[in-house]
Amino acid sequence: MPVFNSLFYDSPAQNNQPSPAILANLGPIVPVEISIPGALAELYTKQGHALPQPKAGLALVDTGASASCVDDEVITQLGVNPIRTAEIHGSAGQHQVNVYPAHLRFPSMPNFEIEFSAAFGVNINAQKVGDQPIIALLGRDLLTHCELTYNGTLGMFTLAF
C-alpha cells in the first residue's frame, strides 16, 4: 500500500517545530507528475513519436471536489485533447469545463501511478507553493479509494492508497 506522510515544520530559526499553521496555510499537498494517458502513449510509441515529458508540480488534496482535476494548460501542453465537456459547480459558480484522460505519477510514492479516464480541466496552476505550481486536485473520486488522515494539531497529514 503506497503511503505519503508529510509533516510541516517552522523555520530553523524557530527550532523546526511541527507547524499546524503551515499545513493550514498550504493544505495537504503531494508532489505529482502529469503525463499523457496510457492509451495515447501506446499510440505514440507504435507510430514512432516521442512521448512528451511529464509536467511536474503539486497536487492538492481537495475534499470539496467531487472529482479530480488537472490544470487545463498543463494537460493541453502535453498534447492531450478533451474527450468531452462537463458542467461543474466550483468556487466560481457553475461553469463548463473540458474533461481529459490523464496519467498521474506520485514521485514520493515509488511505483504508484493513477490513470484517469476522465479528469476535469481547470485553471489552477496560478496557485503556487514556493516555485511549485499546483497542477492537480485530488478529489473525492480518488479519495474513496484511500485513507486520508489530517492531523491539524501536529501539522501533518497521511495519504494511503
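What's counted below: heavy atoms across the whole structure, side chains too, no hydrogens, waters or symmetry copies. Starting from 1, each residue takes its place in the sequence as its number.
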Any F8 side-chain heavy atom under 4.5 Å of I29 side chain: yes
Side chain proximity check, D62 to R140, heavy atoms < 4.5 angstrom: no
Reported NZ-to-CG distance for the pair K128 and L26, which is rounded to 0.5 angstrom: 14.5 Å
Close side-chain approach of I36 and Y44, heavy atoms under 4.5 Å: yes
From I88 atom CD1 to Q94 atom CD, the distance as rounded to the nearest 0.5 Å: 9.5 Å
Student check: side-chain heavy atoms of L40 and P101 closer than 4.5 Å: no
Pairwise side-chain contact, L7 with P18, heavy-atom cut-off 4.5 Å (strictly under): yes
Close side-chain approach of T45 and L51, heavy atoms under 4.5 Å: yes
Step-by-step ring-ring contact (aromatic ring centres under 6.0 Å, His included) determination, F106 to F112: CA-CA 6 Å; F106 298 84; F112 184 65; 5.5 Å; yes
Ring centres under 6.0 angstrom apart (F157, F4): yes
Donor-acceptor contact below 3.5 Å, side chain D72 vs main chain V122: no
Nearest-0.5 Å distance that lies between atom SG in C146 and atom CG in L138: 8.0 Å
Residues I34, I75; criterion side chain to side chain contact (heavy atoms under 4.5 Å, CB included); working and verdict: CA-CA 7 Å; I34 298 177; I75 197 75; 3.8 Å; yes
Taking every non-hydrogen atom, the tightest pair across I83 and S117: CD1-O, 3.3 Å
Q96 side chain vs T85 backbone, donor-acceptor pair below 3.5 Å: no
Side chain to side chain, F161 and V3, heavy atoms closer than 4.5 Å: no
R84 side chain to V99 backbone, donor-acceptor under 3.5 Å: no
Contact summary for G152 and L23, nearest pair of heavy atoms: CA-CD2, 4.4 Å
Step-by-step side chain to side chain contact (heavy atoms under 4.5 Å, CB included) determination, Y150 to T63: CA-CA 11 Å; Y150 185 100; T63 61; over 6 Å; no
Pair E87, H95: side-chain N/O donor-acceptor within cut-off below 3.5 Å: no
Side-chain donor/acceptor of N98 to backbone N/O of G121, under 3.5 Å: no
Nearest-0.5 Å distance, CG of residue L143 to OG of residue S68: 7.0 Å
Closest approach of V30 to S108 (non-hydrogen atoms, all atoms of both residues): CG1-OG, 4.4 Å
Distance (rounded to the nearest 0.5 Å) between K55 NZ and L78 CG: 6.0 Å
Beyond-backbone contact of L104 with V70, side-chain heavy atoms, under 4.5 angstrom: yes
Test item: side-chain donor near acceptor, N151 and T149, under 3.5 Å: no
Taking every non-hydrogen atom, the tightest pair across I135 and I124: C-CD1, 3.7 Å
Atom of A86, atom of F120 and distance for their closest heavy-atom approach: CB-CE2, 3.7 Å
A56 versus P133, closest heavy-atom pair with distance: O-CG, 4.4 Å
Distance, nearest 0.5 Å, that separates CZ of R105 from CD of E33: 4.0 Å
